[in-house]
Amino acid sequence: MTAAPRIGSLCSGYGGLDAGVQAVLGGSVAWHCEIDPNAAAILAHHWPEVPNLGDLSAVDFDQVEPVDVLTAGFPCQDVSLAGRRAGIAEGTRSGLWLHVARAIQALRPRLVVIENVRGLLSATAHSSVEPCPWCVGDGSAEPPLRALGAVLGDLARIGYDAEWCCVRASEVGTAHRRERVFIAARPAADPDGVIRAGHDRPRGLAGAA
């Protein structure tokens, strides 16, 4: 990215992921999307001129200002080892990922940065695929798909290639482990090898890339 990017922030929390992306790429935050009143108060204090779109599940992203970079630290409660381990599915808090995917599909940013807990690697996600290589039929109640696989699969379905890694807080000088998964995704190349980046790509073409 040569020009200073415009950043859109989903499940913003206190804005830590946005601040990290800004530290690396520069640019400015165009809007936040955060429903928690305490977190929203922190965002309003540090970014007083930046609008908060509020409830992610209710936003019509076809009407939202397109951005170059989209960040999302979607809720971890249902994938965390300390939580219910209900996984990513409709009706769970971590199921808000489905609305993050909807936003990516509509906005077509040039870069997506996602953060979540290490439990994303092991928590389950809804799938109609057989629960194991040797299983036949629907006799097992255990879904075979893991949460990270669901996220990566959804990104691929809407035309994005992704890389991911797990980083410990202790690797950057803190006194605790606190592992986090980071995913970076970019628009996949079309068959001619050209990346149709950002909001120049037509909207509503999920699966066409």
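The shown structure was predicted, so the numbers you read here are calculated from the model rather than taken from an experiment. Numbers here are sequence positions counted from 1.
Contact annotation: the side chain of Phe61 approaches that of Leu56 to within less than 4.5 Å [non-hydrogen atoms, C-beta and beyond]. With a 4.5 Å cut-off on side-chain heavy atoms, Leu53 and Leu10 do not count as touching. In this structure, Tyr160 and Gln105 have side chains that are not in contact, with every pair of non-hydrogen atoms separated by 4.5 Å or more. Within the 4.5 Å cutoff, no side-chain heavy atoms of Arg102 are placed close to those of Ile158. Within the 4.5 Å cutoff, no side-chain heavy atoms of Asp161 are placed close to those of Arg186.
Annotation: the span from Asp18 atom CG to Leu70 atom CG amounts to 9.5 Å, rounded to 0.5 Å. Atom SG of Cys33 sits about 7.5 Å away from atom CG of Asp55, to the nearest 0.5 Å. Put simply, CD on Glu49 and OG on Ser28 are 12.0 Å apart, with the number rounded to the nearest 0.5 Å.
In the hydrophobic clustering of ILVMFWY residues, with side-chain heavy atoms under 4.5 Å counting as a link, Val113 and Tyr14 come out apart. Val112 and Val64 end up in the same hydrophobic cluster when Ile, Leu, Val, Met, Phe, Trp and Tyr side chains are linked at under 4.5 Å. Side-chain heavy atoms closer than 4.5 Å link hydrophobic residues (I, L, V, M, F, W, Y) into clusters, and following such links, even through other members, never connects Val21 to Ile42. In terms of hydrophobic clustering, with Ile, Leu, Val, Met, Phe, Trp and Tyr side chains grouped at heavy-atom distances under 4.5 Å, Ile35 and Trp97 are assigned to different clusters.
Minimum heavy-atom separation, Glu34 to Cys11: OE1-C, 3.6 Å. Closest non-hydrogen pair, Gly27 versus Ala4, comes out as CA-CB, 3.9 Å. Minimum interatomic distance between Asp62 and Ala106 (heavy atoms only, all atoms of both residues): OD1-CB, 3.8 Å. When all heavy atoms of Pro51 and Ala30 are compared, the closest pair comes out as CD-O, 3.4 Å. Taking every heavy atom of both residues into account, Leu43 and Gly15 meet most closely at CD2-N, 3.7 Å.
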- Does the pair Leu17 and Ser9 meet the rule for a side chain to side chain contact (heavy atoms under 4.5 Å, CB included), with working shown? CA-CA 9 Å; Leu17 185 58; Ser9 173; over 6 Å; no

- Query: Does the side chain to side chain contact (heavy atoms under 4.5 Å, CB included) test come out yes or no for Thr71 and Ile7, once each step is laid out?
  - Reply: CA-CA 7 Å; Thr71 64; Ile7 301 167; 4.0 Å; yes

- Message: Using side chain to side chain contact (heavy atoms under 4.5 Å, CB included), reason through Leu155 and Ile114 one step at a time and then give a plain yes or no.
- Response: CA-CA 11 Å; Leu155 288 169; Ile114 299 163; 4.3 Å; yes

- Query: Could you walk me through whether Leu25 and Leu111 pass the side chain to side chain contact (heavy atoms under 4.5 Å, CB included) check?
  - Reply: CA-CA 11 Å; Leu25 299 178; Leu111 175 66; 3.7 Å; yes

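Heavy atoms of other residues, nucleotides or ligands lying less than 6.0 angstrom from CZ of Phe182 number more than 12.
Annotation: ring-ring contact (aromatic ring centres under 6.0 Å, His included) contacts involving residues 17-51, sequence neighbours excluded, comprise His32-Trp47.
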